[in-house]
Student: 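Questions regarding the structure given below will be posed in turn.
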Amino acid sequence: MHSLLLDRKTKEAVFGIDISPGFLPQASRMFSCVGCFWVLLSSALVAICSFSFISPAWIVKDNLRNKDSVSFGLLWHCSESLDHMYRCYTFGGLGKFAEIPSSSWQTSAVLCSGGCALLAVSSLLAIITIFLPSGGCERRVCTLAGYMQMAAVFIMGFGLLVYPFGLNSNLVRSYCGDSDIYSAGECQIGWGYMLAIVGVMLTLFLPFFAKYAPKEQLSPTPLPTLL
């Protein structure tokens with residue numbers, strides 16, 4: 001027994017590592033599985049949100065009857081000629097927000113970009129919580145990030161609901177025929193808009209993960225639940 005104690009002390013002295021019984025539980029509390037998953041999911045959804053926001057494929061029309069294909073996004077519209085030449089343009093040129101053809105699309109662009117920015121900030125806070133010691137400060141940061149993520153869900157969701165109101169604009173009707181509010185006419189919903197919907201639906205789960213993200217669960221983080 002004496003030799004085992006001497007051997008352990010020798011290893012601690014050589015490697016500078018405390019291998020006492022209380023050390024391993026403390027090390028296991030350095031990271032939370034739920035917290036790490038929350039950070040990864042938050043970062044992934046920021047990427048999905050940003051990618052869908054700049055995507056020009058929210059409303060698409062394939063080339064039928066020897067006509068060019070066309071697609072619309074929040075800030076871009078693209079066309080592909082029959083010789084497979086693909087061209088994309090910003091609405092009215094870069095920086096001319098007022099040239100977006102519909103006030104509904106302008107509102108949707110503001111809401112979606114604001115929601116993405118809020119989600120990005122909350123993701124940064126989630127990353128910071130990994131390096132914070134467990135305690136009241138960590139729980140407060142998780143609470144703040146959870147509220148921001150819940151707000152981002154409602155803001156981006158409302159932006160997606162407003163977007164189809166712009167389908168009755170003259171520009172869309174010139175390509176999609178008899179299009180109207182929530183009716184794309186000869187066009188159809190593109191993958192960019194569907195990706196944004198999936199991103200918002202997944203973001204809905206982030207506040208629940210934030211509730212259990214702290215390393216020490218003395219009591220659940222006081223976040224509102226959607227029940």
Student: Hey, does the side chain of S71 reach the backbone of P56 with a donor-acceptor pair shorter than 3.5 angstrom?
Tutor: yes

Student: Are the side chains of R173 and N168 in touch, meaning some heavy atoms are under 4.5 Å apart?
Tutor: yes

Student: Looking at A145 and S122, what are the two nearest heavy atoms and their distance?
Tutor: O-CB, 3.8 Å

Student: Are K61 and E186 side-chain neighbours, meaning at least one heavy-atom pair lies under 4.5 Å?
Tutor: yes

Student: What pairs of donor and acceptor atoms, side-chain ones from residues 109-121 against any protein atom, are under 3.5 angstrom apart with sequence neighbours left out?
Tutor:
{"residue": "S113", "atom": "OG", "partner": "A109", "partner atom": "O", "Å": "2.7"}
{"residue": "S113", "atom": "OG", "partner": "V110", "partner atom": "O", "Å": "3.0"}

Student: If you group Ile, Leu, Val, Met, Phe, Trp and Tyr by side-chain heavy-atom gaps below 4.5 Å, do M194 and V200 land in one group?
Tutor: yes

Student: What distance do T129 atom OG1 and R139 atom CZ have between them, rounded to the nearest 0.5 Å?
Tutor: 13.0 Å

Student: Taking transitive links into account, so neighbours of neighbours count too, which hydrophobic residues share a cluster with F165 at under 4.5 Å side-chain distance?
Tutor: L161, I181, Y182

Student: Establish whether F51 and M156 are linked, either directly or via other cluster members, by ILVMFWY side-chain heavy-atom contacts under 4.5 Å.
Tutor: yes

Student: Could you report the tightest heavy-atom contact between P133 and E138, atom names first, then the distance?
Tutor: O-CB, 3.6 Å

Student: With rounding to the nearest 0.5 angstrom, report the CE to CD1 distance, M150 to I155.
Tutor: 12.5 Å

Student: Identify the heavy atoms of P101 and L171 that sit nearest to each other, and give their distance.
Tutor: CG-CD2, 3.7 Å

Student: My understanding is that only residues two or more places apart in sequence, or in another chain, count here; which of them pass side-chain contact (heavy atoms from CB on, under 4.5 Å) with I54?
Tutor: none

Student: Same cluster for L40 and L124 if Ile/Leu/Val/Met/Phe/Trp/Tyr side chains link at under 4.5 Å?
Tutor: no

Student: Any side-chain heavy-atom pair from F72 and V60 closer than 4.5 angstrom?
Tutor: no

Student: Work out which heavy atom in S108 is nearest to a heavy atom in G159; give both atom names and the distance.
Tutor: OG-O, 2.8 Å

Student: Could you tell me which residues satisfy side-chain contact (heavy atoms from CB on, under 4.5 Å) with V39, sequence neighbours excluded, listed by chain and number?
Tutor: S43, A126, I127, I130

Student: Listed by chain and number, what are the ring pair (Phe, Tyr, Trp, His ring centres under 6.0 Å) partners of W58, not counting sequence neighbours?
Tutor: Y163, Y193

Student: Return the set of residues passing side-chain contact (heavy atoms from CB on, under 4.5 Å) with V172 (not counting sequence neighbours), or none when no residue passes.
Tutor: W105, L167, S169, C176, S179

Student: Quick one: list whatever passes side chain to side chain donor-acceptor pair (under 3.5 Å) with S42, sequence neighbours left out.
Tutor: Q149

Student: To the closest 0.5 Å, what do you measure between CG (L202) and CZ (F205)?
Tutor: 7.0 Å

Student: My understanding is that only one of I100, V162, L74 makes a side-chain contact (heavy atoms from CB on, under 4.5 Å) with Q106; could you say which?
Tutor: I100

Student: Suppose we screen for ring pair (Phe, Tyr, Trp, His ring centres under 6.0 Å). Which residues come up paired with F37, at least two apart in sequence or across chains?
Tutor: F209

Student: Partners of F53 by ring pair (Phe, Tyr, Trp, His ring centres under 6.0 Å), sequence neighbours excluded?
Tutor: none

Student: Can you name the nearest heavy-atom pair linking L45 to G199, along with the distance?
Tutor: CD2-O, 3.9 Å

Student: Output all residues satisfying side-chain contact (heavy atoms from CB on, under 4.5 Å) with M201, sequence neighbours left out; order by chain, then residue number.
Tutor: I197

